[in-house]
Amino acid sequence: MTRLFSDYKTRIAIAIAAGAVVYLLLLILEDLLSLQATFLENHLVITAIVGASLFYIFEEVFLSFRNRQTKILNTIVDALQRISAGDLSVRLPESGTPELRRIGKLVNQIVGNLKEDIAKLEKLERVRSEFLANVSHELRTPIFSIQGFIETLIDGAIDDENVNRDFLQKAYQHSERLNTLLNDLIEISRIESGEMRMSFRYFDISQFLSTLTEEMQPIAKKKDILLEYRSDSHEVLVLGDRDRLRQAISNLIDNSIKYTDRGGKIEVGFAELPNSVRVFVRDNGTGIGEEHLARIFERFYRVDKDRSRSVGGTGLGLAIVKHIVEAHNSKIEVKSEVGKGSEFSFFLKK
Amino acid sequence: MHRHFEDLLEKLRSNLIKMGSLVDSQLDLAFRALHDGDVGETEKVYESEKKVNQFDNLLDQQVDEIMALEQPVATDLRLVVSAIKINHELERIGDVAVNIAQRVEPLKNYHGFVRATAILEMGDVARRMVHDSIDSFIHADAELARRICKEDDVVDEMNRQKFHFVIGEMKKNPDFVEPGAHLIVALKHIERIADHATNIAEDVVFLVDAKIIKHHAADNG
C-alpha cells in the first residue's frame, strides 16, 4: 500500500501537527465541553496520541478508498485494452463510485451494441455471398444450356432436320428463363434498395381480382386447372399499389399453377373485414411441408429443387411477393398441408 | 390529442387519397379516350366527375367540422389547410379531365393530326406530375414535391412548341382549322393540369416543411 507521505520525518511532523490541531480544538471548545484546563495540561501527550491516531485512521480510510478506485480503474483500462484488441466477451464491473458505475455500464452497453452490429454485418455478408453464389449458379444453368444447344448446332446438328428446330426451341426457352430471372433480380434489388416508390391509391379489389384471375386463365387452362374468382362482385375500395399488387398476386397464382397437378383447382378472392380485406390465393396442389414454411420467402429457397427448375421457377417469386406485401404494412401468411394444398393470404387497408 | 380528433384527421386524409385516386384514374381515362378517339370511354370520365364532385363536398364538410369543433394547431392545422387547397386543385383537375374528354368527339376523325401533334407526350408529363403529386402527399415526400414544381417549365415549353406546330398546320391546310382550334384548347387544358399538379406539390411542401414556396416565396425570404 503506498503511503500518502513516505518520509518518516514528515509523517511524525504531520502526526504532531494533527495532535496539535486536536489540542487546539479542545482548547477552543473547552468551555463548551466543560473541560478543566488542568485536564488538558495533564493530557497533552494523550491528545497528541489521539491526533496522531486520527491521522492514521484517516490515512488508512483514504488509502483503502483510493486503492479500491485504482483497482476498478485498472480493471477498466485492462478491459478497454482487450476490447480494442477485438475481445468483445469482456464485461466491466458496474461498481465503485457512481461515475465509475456509469462508465462500466456505458462501456458494457457499447460492447453489447458492437456485438449486435458485428453479428448483423456478418449475417449480411453471409447472405450477400450466398446470394451471389446462388445468382451465379442460377445464371450459369440456362447459359450453359444455351451454349450446349448452340455448340451442338454449330457442330453439325444445324443440318439435321430432326433436331435443329427442337434445339433452337430449347435454347430459346432457356434464354426466356434467363430473361425472367434477370427481371426478377432487378425487381428484387430495386425493392430492397428502396428505389421503388409505392403509388398507393384506392381501387376496387373485387374488380381488380376478377380481372386478374381472367388474365391468368390461359396459363391455368394449359394445365387443365380450374382457376376461379370466389368473392362477391360488389365494389370494395382498398388502399394499395395496383401494379405491385398485380405482380404479387400473379406470382402467387403462377406458383399455385406450377405446384398443382392437372385437373386441380385454384381459388382467388377476398374476405371483407371492418377495416381491411383479406386477399387469398388457395389451391389443392402438392402443399408445402411444415419444415419449409418459414423459409419459402427467402431468395432462392426451394422446397424441391428439381421440380422448381423443371416448372421454370426463378426462386425469387415469393421473395418479391413478401417485399410487396410488407411495403403495404401487411404480412404474407401461408397455411399448407402436404398433399392437400396451400393458401397464401394478406391484408389490405380499406 | 383525443381519439375523436385523430379519427377525423385520418378520415380527412383517407378521403383526400380516395379523391386523388379517382382523379388519377379519371385523367388516365380521358387521355386514353383522346388517344384512341374512343367517344364511348368519355362516358366513364363524366361518371367519374360526379363522384369527384361528391368528394369535393364531403371534404369541405369534414374541414368545416374539424375547424369548428377541434380548432387544430401546428401540423394538424397545416393538414387541414392543405386539405382545403388540395381538394380544390383535385376538383379542378377533374373538371379539366371532362374538358379534355369533350375534345374527343370533334377530334375523333383527325387521328393522324392528333398523333402528329404528339399531344399525349405532353399529356404524359402532366399526368405523371399529377400522379407524383398525389404520391408526394401520401408519402409526405417534400423532396418529390419540389421536383414536380420544376417539371412545370417542361410542360410550358412543350405547350409553346406544340401551339406553333398546330398553328403551322392550320395555315397549311384549312381543313385543320377546326380540329386545330380544338387541339389548342386541349393543349391549354393539359398545361392547366400541370399547373394544378404544381399547386398540389407546393401545398405538400407547406404541409411537410411548413414552408411557402409558391410564387417563389422562399427565394424572396
Side-chain angles (χ1 to χ4, degrees), chain A residues 187 190-215 231-250 270 272-279 323-331 346-350, chain B residues 3 6-7 9-29 32 44 47-48 50-52 54-55 58-59 86-87 90 93-94 97 124 127-148 151 197 200-201 204 208:
Chain A
E187 197 64 34
R190 278 182 67 204
I191 300 173
E192 287 185 358
S193 65
E195 201 185 300
M196 195 172 69
R197 192 183 65 234
M198 292 280 162
S199 275
F200 292 120
R201 296 289 184 275
Y202 277 95
F203 64 94
D204 178 11
I205 188 74
S206 159
Q207 196 196 8
F208 174 79
L209 287 179
S210 81
T211 312
L212 186 55
T213 312
E214 214 40 57
E215 283 169 10
S231 299
D232 296 341
S233 57
H234 70 280
E235 184 183 89
V236 178
L237 293 180
V238 296
L239 184 65
D241 185 320
R242 234 177 326 199
D243 292 339
R244 298 286 149 222
L245 286 172
R246 178 188 302 278
Q247 189 184 7
I249 298 166
S250 305
F270 72 93
E272 198 175 348
L273 300 157
N275 295 314
S276 60
V277 297
R278 182 175 161 273
V279 179
H323 279 300
I324 292 174
V325 170
E326 284 177 356
H328 284 77
N329 286 326
S330 184
K331 193 171 175 285
F346 58 90
F347 291 89
L348 285 177
K349 185 178 174 271
K350 268 211 300 195
Chain B
R3 185 87 207 135
E6 269 180 47
D7 286 347
L9 286 181
E10 183 51 38
K11 266 189 200 153
L12 180 72
R13 225 180 88 81
S14 153
N15 279 331
L16 208 51
I17 297 172
K18 277 182 187 159
M19 186 177 179
S21 309
L22 206 58
V23 170
D24 199 12
S25 60
Q26 190 190 17
L27 214 48
D28 187 40
L29 281 170
R32 222 160 357 142
K44 292 183 190 166
E47 276 305 307
S48 202
K50 288 177 196 160
K51 288 187 192 168
V52 171
Q54 280 167 4
F55 268 112
L58 177 66
L59 280 158
I86 295 173
N87 175 26
L90 288 173
I93 296 173
D124 280 343
R127 216 176 67 203
R128 201 181 59 239
M129 284 173 70
V130 174
H131 188 87
D132 286 353
S133 69
I134 297 169
D135 275 356
S136 73
F137 171 73
I138 294 172
H139 297 290
D141 188 343
E143 198 190 320
L144 173 64
R146 284 193 161 90
R147 281 207 301 272
I148 297 164
E151 279 185 77
I200 294 176
V204 171
V208 180

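Just so you know, these numbers come straight off a predicted model, no measurement behind them. Below, chains carry the letters A, B, ... as their sequence lines are ordered, and counting in each starts from 1. What you see below is based on every heavy atom in this structure, not just the backbone, and it leaves out hydrogens, waters and symmetry mates.
Listed here is the closest heavy atom pair of Lys51(B) and Glu235(A): NZ-OE2, 4.2 Å.
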Pair up each side-chain donor or acceptor in residues 12-19 of chain B with any protein partner under 3.5 Å, not counting sequence neighbours, and list the distances.
{"unit_1": "Ser14(B)", "atom_1": "OG", "unit_2": "Tyr202(A)", "atom_2": "OH", "d": "3.1"}
{"unit_1": "Asn15(B)", "atom_1": "ND2", "unit_2": "Lys11(B)", "atom_2": "O", "d": "3.4"}
{"unit_1": "Asn15(B)", "atom_1": "ND2", "unit_2": "Gln62(B)", "atom_2": "OE1", "d": "3.0"}

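Partners of Lys349(A) by salt bridge (Lys or Arg N to Asp or Glu O under 4.0 Å), not counting sequence neighbours, listed by chain and number: Glu10(B). Applying the salt bridge (Lys or Arg N to Asp or Glu O under 4.0 Å) criterion to Glu214(A), with sequence neighbours excluded, gives no partner residue.
Close approach to chain A, defined as a heavy atom under 4.5 Å from one of its heavy atoms, is seen in Ser21(B), Asp24(B) of residues 20-29 of chain B, taken by number.
Gln207(A) CD: 12 or fewer foreign heavy atoms inside a 6.0 Å radius. The environment of Glu326(A) atom CD is dense: over 12 non-hydrogen atoms of other residues, nucleotides or ligands sit within 6.0 angstrom. Few gaps surround CG on Asp7(B); more than 12 heavy atoms of other groups in view lie less than 6.0 Å from it.
In this structure, Asp132(B) pairs ionically with Arg197(A), as a charged nitrogen and a carboxylate oxygen lie closer than 4.0 Å.
Of the two parts of His139(B), only the side chain, counted from C-beta on, holds a non-hydrogen atom closer than 4.5 Å to a non-hydrogen atom of chain A.
Atoms OG and CD1, from Ser199(A) and Ile134(B) in turn, are 9.0 Å apart once rounded to the nearest 0.5 Å.
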